[in-house]
Amino acid sequence: MNPLLALYHRLLDQHGHQGWWPLKGNYHPKDYSFPHNDLEKFEIGIGAILTQNTTWKNVEKSLLALGSCLSPSKILDLSDAQLQDKIHSSGYYIQKTKKLKNWANFFIKINHCTPTREELLSIWGVGPETADSILLYAYQIPIFVVDTYTKRLLIKENLISSNANYAQVQAYCESQLPRQYELFQEFHALIVENNKS
DNA sequence: AGCCAGGCTACCG
DNA sequence: CGGTAGCATGGC
């Protein structure tokens, strides 16, 4: 077993199955069938944008405040001021209001199709980690999500060099792991959980 | 009191 | 191009 796969199993033993992506506040350990519909896919994108450089705790408050507005058309029906108010706790609320509406417009435009990475990256407000999180958790595409924790951990474990960029870290991880979306989902969640404790 | 959160964009040299 | 200030709240 290679060092990265060994690290995955160590984290899994230590923290158990994480059941990401949380939907309506619910985790679903060992059930990799989610999302079950378009609305859940949309909600994953909302959460991925709101959690940019922000704790999930603050995002949960926003998602609760959004409540029944978690659909593309309802997000677009809100005025900027109304939406800003609902997502206030997530920080950067002016920018994130624009980002959420961009995601809603995009989601309507793709009309139930699976977006490509390039399409997602073309949205103002969606960068590499957000795009890859959407592809991995909303569309079950085995693409490795790299965040600051991932990089920090892999540097500490001497698996990558400290000046590696996003694409290089991602390519390394994908080359060392079986290409299974279930494993990729679990691994990223475990890395985040590992950094909380 | 500061530093950090499940980043991204714009702008700088 | 690679590097970085600005965005903003809440928790510790």
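All chains are named by letter (A, B, ...) in the order of the sequence lines, taking the proteins before the strands, and each is independently numbered beginning at 1.
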Taking Watson-Crick and G-U wobble pairs with both distances under 3.5 Å, convert DNA chain B into its dot-bracket string, 5' to 3', dots for unpaired and | for cross-strand pairs.
.||||.|||||||
Does any non-hydrogen side-chain atom of A:Gln52 lie less than 4.5 Å from one of A:Gln95?
no
What's the separation between atom SG in A:Cys69 and atom NZ in A:Lys86, rounded to the nearest 0.5 Å?
5.0 Å
Can you list, in residue-number order, the parts of residues 49-71 of chain A that come under 4.0 Å of DNA chain C, counting heavy atoms only?
A:Asn53, A:Asn58, A:Lys61
Is there side-chain contact between A:Leu100 and A:Leu78, with at least one heavy-atom pair below 4.5 Å?
no
Grab the CG-P distance between A:Asn195 and C:dG11 for me, whole Å please.
20 Å
Between C:dA8 and B:dC11, how many Å separate the two P atoms, rounded to a whole number?
15 Å
On a heavy-atom basis, the closest approach of A:Asp147 and A:Val192 is OD2-CG2, 3.6 Å
Nucleotide range of DNA chain B contacted by chain A, 5' to 3', under 4.0 Å to a heavy atom?
B:dA5 to B:dA10
Closer to the 5' end of DNA chain B via nearest nucleotide, is it A:Thr148 or A:Lys98?
A:Thr148
If you take all heavy atoms of A:Phe107 and A:Asp38, which pair is closest and at what distance?
CZ-O, 3.3 Å
Would you indicate what A:Glu129 reaches in the nucleic acid, counting non-hydrogen atoms under 4.0 angstrom: base, sugar-phosphate, or nothing?
sugar-phosphate
Can you see whether A:Tyr32 engages A:Gln140 through a side-chain donor-acceptor pair at a distance of less than 3.5 angstrom?
no
Need one value for A:Ile94: base, sugar-phosphate or nothing, where a base atom within 4.0 Å counts as base even if backbone is also close, heavy atoms only.
sugar-phosphate
Tell me yes or no: between the side chains of A:Thr54 and A:Lys96, is some donor less than 3.5 Å from an acceptor?
yes
Would you say the side chain of A:Glu43 lies within less than 4.5 Å of the side chain of A:Leu39, judging by non-hydrogen atoms?
no
Please list residues of residues 78-91 of chain A whose heavy atoms come under 4.0 Å from any atom in DNA chain C, ordered by number; otherwise none.
A:His88, A:Ser89, A:Gly91
Could you check whether any side-chain heavy atom of A:Tyr92 comes within less than 4.5 Å of a side-chain heavy atom of A:Ile87, counting everything from C-beta outward?
no
If the P atom of C:dC7 is compared with that of B:dA1, how far apart are they to the nearest Å?
23 Å
For A:Ile110 and A:Pro115, work out which heavy atoms get closest and say how close.
CD1-CD, 4.0 Å
Could you check whether the rings of A:Tyr137 and A:Trp20 sit parallel, tilted or perpendicular, using 30° and 60° as the cut-offs?
tilted
Do A:Leu5 and A:Pro178 touch side chain to side chain, with heavy atoms closer than 4.5 Å?
yes
Contact check, side chains of A:Glu182 and A:Pro142, non-hydrogen atoms, under 4.5 Å
no
Strictly under 3.5 Å: I want the nitrogen or oxygen pairs between protein and nucleotides 3-5 of chain C, one per line.
none

Base, sugar-phosphate alone, or nothing: which one does A:Ile123 contact when heavy atoms must sit under 4.0 Å apart?
sugar-phosphate
C1' spacing across the pair B:dG6 / C:dG2, given as an integer number of angstrom
25 Å
salt_bridge(A:Glu119, A:Lys109) N-O dist < 4.0 Å:
no
Sequence neighbours excluded, which residues qualify as side-chain hydrogen bond (donor to acceptor under 3.5 Å, both in side chains) partners of A:Ser122?
none
Aromatic ring centroids of A:Phe144 and A:Phe187 under 6.0 Å?
yes
A:Tyr92 side chain near C:dG6 phosphate (N/O to OP1/OP2, under 4.0 Å):
no
